[in-house]
Amino acid sequence: RQVSPVKRRPVRVAPSRLERPRAGPVCGPGCRRDLERLAKMLLHQATHMLGVLHCCYYRCLMNGAAHTAEADGRPPYLCALCLKKLHL
């Protein structure tokens, strides 16, 4: 006796999955803050990779931060002493 091939049903996708996404803001309410934190953290760590340690003299990107409030308070730039350490 010959076995009949299995009949496959077409895959159905819910209509909501086929709709185009609505136009709206790409970022949510805290997105700008999160992007700023990410940029500061990446620049801080990249500067460490260039051999600059934490700064204790002025408000600087290279100030250490024990918690997010301190990290948010850091400016996004280096002070004159840290720039001198980079020979810029």
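Note that the structure is predicted; figures quoted are calculated from it, not measured. Positions are given from 1, in the same order as the sequence printed here.
With sequence neighbours excluded, no residue satisfies side-chain hydrogen bond (donor to acceptor under 3.5 Å, both in side chains) with Glu70. Judged as a side-chain hydrogen bond (donor to acceptor under 3.5 Å, both in side chains), and not counting sequence neighbours, the contacts of Arg37 are Asp72. For Asp34, the salt bridge (charged side-chain N to carboxylate O under 4.0 Å, His left out) test picks out no residue, with sequence neighbours left out. With sequence neighbours left out, the side-chain contact (heavy atoms from CB on, under 4.5 Å) criterion links Leu38 to Met41, Leu42. Judged as a side-chain contact (heavy atoms from CB on, under 4.5 Å), and not counting sequence neighbours, the contacts of Ala71 are Ala65, Arg74.
Note that CG of Leu61 is 9.5 Å distant from SG of Cys79, once rounded to the nearest 0.5 Å. To the nearest 0.5 Å, the span separating CG on Leu86 from CG on Leu81 amounts to 11.5 Å.
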Sequence neighbours left out, cut at 3.5 Å: what donor-acceptor pairs do the side chains of residues 51-60 make with other protein atoms?
residue : atom : partner : partner atom : Å
His54   : NE2  : His44   : NE2          : 3.2
His54   : NE2  : His48   : NE2          : 3.2
Arg59   : NH2  : Gly73   : O            : 2.4

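Transitive grouping of hydrophobic side chains (ILVMFWY, heavy atoms separated by less than 4.5 Å) keeps Tyr77 and Leu43 in distinct clusters. Both Met62 and Leu50 belong to a single network of hydrophobic side chains, linked directly or stepwise wherever heavy atoms of I, L, V, M, F, W or Y lie under 4.5 Å apart.
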